[in-house]
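Working notes, beginning with the structure itself.
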2 protein chains.
Amino acid sequence: MKLMSFDELDVKILAALSQDGRVRWSALADRFGVSAPAIADHVRRLENSGIITGYSVQINAVAVGLGLIAFVSITLDHPRHRADFLNYVQHQAHIQSCHHVIGESDYLLKICCASTADLERILTEEIKALPGIQQTRTTIALSSVKDTAALPIDEPN
Amino acid sequence: MKLMSFDELDVKILAALSQDGRVRWSALADRFGVSAPAIADHVRRLENSGIITGYSVQINAVAVGLGLIAFVSITLDHPRHRADFLNYVQHQAHIQSCHHVIGESDYLLKICCASTADLERILTEEIKALPGIQQTRTTIALSSVKDTAALPIDEPN
DNA sequence: AGTGAAAATGGTTGGCA
DNA sequence: TGCCAACCATTTTCACT
């Protein structure tokens, strides 16, 4: 993973791939007025430099029965419990994100699950059963106005 | 967008595409013991039924200078201002998510930006300038332990 | 639904500007 | 770095089960 400077074409490619991660190199080549191998070169470089970390599909969570989103603020009572906690977080697929935050609590988790019963199990049997959890505060989302992982990268002209 | 039941192969495909959104149909065909057209058929059906909503690239936010994440809780002082607020949220690329929540505040935003100066501008010039914002509370993320959009879909055996 | 083979499209490699 | 052209791989279509 080496340092890299990106040019305008790289930014255009990142913006385009954010919208359609399976777009053909040839389509981008036509759109940006270069050849397909040129696009492939840029993409390879973005991948090798660690700027592009992967590709994924976007799935309608409600349609697959995973429509409940909850945010859980967690305060740990001692730094000694941090490693176990982080290990737990990394291994649970229903924990979509975990941010170390500054302020009232230590960590903010976003949990994606099927139902309130499911959430209840995660909170009581998993999270509160971990060592060193001093306090949790759970906020349930009534609806998702917007929920994307896309970065604010604008396509240059 | 019609109702659809999914079988085991669909679940396998969704799990595989979550890990690699650009994987070749032929590779999935080999892995799951079916033909490439069979994979293509399933994927097309998942797309047409609205279960797959798109594909995207995963980008290292820090590497492109967008390493500051903040969570902003917002309380609106009157439902009349809701439409304007939601419209604002939809049109700002740096607002990655907005959930209508139950509890102390009305909405929880996740903001992705370049710096504290950038965040300051967003908060004071954009958000607090909107009509009907009664209260905001901002939490800055020190680090992201985990941050994925992947749904908890396990690959069946 | 799924298959297999043919036709079409797209990707990759290597020589060169 | 980028292009072109040829070669190779993949996707798509279609008749059939």
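Just so it is clear, the model here is predicted, and its values are computed rather than measured. Protein chains get the first letters and strands the later ones, always in sequence-line order, with residue 1 at the start of each.
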Requested in this report: Assess whether atom CD1 of A/I102 is packed by more than 12 heavy atoms of other residues, nucleotides or ligands within 6.0 Å.
Outcome: no
Requested in this report: State which of C/dT12, D/dG2, C/dG4 makes the closest approach to the side chain of A/L9.
Outcome: D/dG2
Query raised in the report: Is it the case that A/Y55 and A/E47 place a side-chain donor and acceptor less than 3.5 Å from each other?
Result: yes
**Report entry** Spacing of A/D7 atom CG and A/I13 atom CD1 [to the nearest 0.5 Å]
**Finding:** 8.0 Å
Requested in this report: Can you run down the salt bridge (charged side-chain N to carboxylate O under 4.0 Å, His left out) pairs that involve residues 78-87 of chain A, sequence neighbours left out, and say none if there aren't any?
Outcome: none
Query raised in the report: What integer distance in Å separates B/D41:CG from D/dA15:P?
Result: 15 Å
Query raised in the report: Residues from residues 18-31 of chain A sitting under 4.0 Å of DNA chain C, heavy atoms only?
Result: A/R24, A/W25, A/S26
Report task. Using a cut-off of strictly less than 4.0 Å, decide whether A/R45 has a side-chain nitrogen or oxygen near OP1 or OP2 of D/dT1. Result -> yes
Report task. Please report, rounded to the nearest Å, how far the C1' atom of D/dG2 is from the CZ atom of A/F32. Result -> 16 Å
Query raised in the report: Rounded to the nearest 0.5 Å, what separation is found between the OG atom of A/S26 and the CZ atom of A/R31?
Result: 11.0 Å
**Report entry** Expected output: side-chain B/Q90 to main-chain A/V145 donor-acceptor under 3.5 Å
**Finding:** yes
Query raised in the report: Given D/dT1, is OP1 or OP2 found less than 4.0 Å from the side-chain N or O atoms of A/H42?
Result: no
Report summary line: Smallest heavy-atom separation, A/V72 atom then A/I111 atom, equals CG2-CD1, 3.9 Å
Query raised in the report: For B/E8 and C/dG2, what is the distance between atoms CD and C1' respectively, to the nearest whole Å?
Result: 16 Å
Query raised in the report: Rounded to the Å, how far apart are A/D7 CG and D/dT1 C1'?
Result: 10 Å
Query raised in the report: What would the secondary structure line of DNA chain C be in dot-bracket form, counting Watson-Crick and G-U wobble pairs under 3.5 Å, with [ ] for pairs that cross earlier ones and | for pairs with another strand?
Result: ||||||||||.||||||
Query raised in the report: Is the cationic atom of A/R22 (NZ for Lys, CZ for Arg) positioned less than 6.0 Å from the six-membered ring centroid of B/W25 and within 45 degrees of its normal?
Result: yes
